[in-house]
Enquirer: 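Questions regarding the structure given below will be posed in turn.
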2 protein chains.
Amino acid sequence: MDEPRWLDAHEDRAWRGYRRMRRLLDLELARELMRDAGLSEPDYDVLSDLSEAPEQRLRVSELADRMLWSRSRLSHHLSRMQQRGLVMREEHPSDGRGAVVVLTPEGRRAIEEAAPGHVAAVRKHLIDLLTPDELAALAAFSHRVVDHLSAPGRPSP
Amino acid sequence: MDEPRWLDAHEDRAWRGYRRMRRLLDLELARELMRDAGLSEPDYDVLSDLSEAPEQRLRVSELADRMLWSRSRLSHHLSRMQQRGLVMREEHPSDGRGAVVVLTPEGRRAIEEAAPGHVAAVRKHLIDLLTPDELAALAAFSHRVVDHLSAPGRPSP
DNA sequence: CTAGGGTCGATGACATGTCAACTACTTCGT
DNA sequence: ACGAAGTAGTTGACATGTCATCGACCCTAG
């Protein structure tokens, strides 16, 4: 590791901007979501993924993989959400080790109530601030970065 | 809140890409930083901000504001970093309530050792994957979003 | 069929972040 | 000069995330 290539002024500006945007956007979206719907962002993500799944149900490991969460984290979080009546667990029909998470009617109601406001917030604080070109650029490079990080030689566990 | 404007296909792709990139990038950068330098990202950020400050010292509230952290979080984190000998606290010379955080020699060594590898990782997994246009777009819109979120009428506490 | 290695999901111990006090000090208005 | 109100930083209780481990089950080689 000899002479490192530091970030030049443009790169530095992009990197700092990205991190600051990331943080502020997180704070604001979480704040509004909690205030308007009583949900944390992790709550919302779980409910959202479940609501998009066929029959509002997913295998636990499948959900964990989609969310890029550890199984442990998901298990803890599901327990808390189950306490609140948002989801419930069922046995997997064919795999005796498995568990299936299901959206409860209350969970369904919660996500349907939260979604319009949350989407509006995402628009207000991000999407609607970008030009069409910028939006296209974001879509393009973010997926490129994702592919790069998901490429072979990259162990998930 | 009548008919919500859902995200169209392009917007949805950008939004999902952004969130996935965010998560994967975080995981990978944190993983490499911990493996190569024994630091968490929050550790790195504190050390980095301090090392850029004149005389490697900053008022606690000043540091908290720059990092967009709550004072409480910073206080807890500083205590842990102090235990490890990376920073130390001093009284503020003129404001009796205040405290000043200072980088210790060991903290300085830690950040100087960690920085080249971390910057290389940021390059490898993000910066070098973007075209010049995309980099410029990221810089432009991220700062626009930051400005929007920092605009008046937005209480920090 | 069965032994061994793998996967699944849950759990407990611990690290980290949040929230609401609290103390000590400063600042401002009168 | 003094009291009320505000600010700085810490603390403890609690919520959340991580890591190592475990019991239960699956799968494949022999």
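None of the values given here were measured: they were computed from a predicted structure.
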Enquirer: Pick the nucleotide of DNA chain D nearest each of Val60(B) and His77(A); which residue has the one closer to the 5' end?
Expert: Val60(B)

Enquirer: Quick one: which of Met21(A), Arg31(A), Glu41(A) gives a side-chain contact (heavy atoms from CB on, under 4.5 Å) with Asp26(A)?
Expert: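 The residue from Met21(A), Arg31(A), Glu41(A) that satisfies side-chain contact (heavy atoms from CB on, under 4.5 Å) with Asp26(A) turns out to be Glu41(A).
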
Enquirer: Side-chain heavy atoms nearer than 4.5 Å, only ILVMFWY residues, links allowed to pass through others: does that put Leu7(A) and Leu47(B) together?
Expert: no

Enquirer: Among all residues two or more places apart in sequence or in another chain, which pass the ring pair (Phe, Tyr, Trp, His ring centres under 6.0 Å) test with Phe141(B)?
Expert: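 Scan of Phe141(B) (ring pair (Phe, Tyr, Trp, His ring centres under 6.0 Å), adjacent residues dropped) gives none.
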
Enquirer: By side chain to side chain contact (heavy atoms under 4.5 Å, CB included), which residues pair with Ala140(B), not counting sequence neighbours?
Expert: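 Ala140(B) satisfies side chain to side chain contact (heavy atoms under 4.5 Å, CB included) with Glu134(A), Arg144(B) once adjacent residues are dropped.
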
Enquirer: Near DNA chain C, counting only heavy atoms under 4.0 Å, which residues of residues 44-52 of chain A show up?
Expert: none

Enquirer: Take atom CZ of Arg31(A) and atom C1' of dT18(C), then tell me their distance rounded to the nearest Å.
Expert: 15 Å

Enquirer: Before accepting this row, confirm whether a basic side-chain N of the pair Glu28(B)/Arg35(B) lies closer than 4.0 Å to the acidic partner's carboxylate O.
Expert: no

Enquirer: Arg19(B): which residues meet the salt bridge (Lys or Arg N to Asp or Glu O under 4.0 Å) condition with it, sequence neighbours left out?
Expert: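 Applying salt bridge (Lys or Arg N to Asp or Glu O under 4.0 Å) to Arg19(B) gives Asp45(A).
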
Enquirer: Would you please name every residue forming a salt bridge (Lys or Arg N to Asp or Glu O under 4.0 Å) with Arg23(A), sequence neighbours left out?
Expert: none

Enquirer: Going by heavy atoms closer than 4.0 Å, what residues in residues 61-73 of chain B are next to DNA chain C?
Expert: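 DNA chain C contact set from residues 61-73 of chain B: Ser72(B), Arg73(B).
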
Enquirer: Quick check for you: name the first and last nucleotides of DNA chain D, 5' to 3', having an atom under 4.0 Å from a heavy atom of chain A.
Expert: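 Counting from the 5' end, contacts occupy dT16(D) to dC26(D).
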
Enquirer: Is a donor-acceptor contact shorter than 3.5 angstrom present between the side chain of His76(A) and the base of dG9(C)?
Expert: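 No, the side chain and the base share no sub-3.5 Å donor-acceptor pair.
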
Enquirer: Run the side chain to side chain contact (heavy atoms under 4.5 Å, CB included) check on Ser75(A) and Val60(A) step by step: do they pass?
Expert: CA-CA 8 Å; Ser75(A) 183; Val60(A) 169; 5.9 Å; no

Enquirer: dC19(C) C1' sits how many Å from Met34(A) CE, rounded?
Expert: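 To the nearest whole Å, that distance equals 12 Å.
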
Enquirer: Only pairs at least two apart or in different chains count here, so list each salt bridge (Lys or Arg N to Asp or Glu O under 4.0 Å) that has a residue in residues 77-89 of chain A.
Expert: Asp43(A)-Arg84(A)

Enquirer: Just jot down the side chain to side chain contact (heavy atoms under 4.5 Å, CB included) partners of Arg71(A), sequence neighbours excluded, or say none.
Expert: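 Listed in chain order: Ser61(A), Ala64(A), Asp65(A).
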
Enquirer: Indicate yes or no: does Arg123(A) engage Asp128(A) in a salt bridge with an N to O separation below 4.0 Å.
Expert: yes

Enquirer: I'd like to check the salt bridge (Lys or Arg N to Asp or Glu O under 4.0 Å) partners of Glu91(A); sequence neighbours left out, ordered by chain and number.
Expert: none

Enquirer: Check DNA chain D against residues 80-97 of chain B and give the residues with a non-hydrogen atom under 4.0 Å, in numerical order.
Expert: Arg89(B), Arg97(B)

Enquirer: Could you give all pairs that pass the ring-ring contact (aromatic ring centres under 6.0 Å, His included) test and reach residues 22-71 of chain B, with sequence neighbours left out?
Expert: Tyr44(B)-His118(B), Trp69(B)-His77(B)

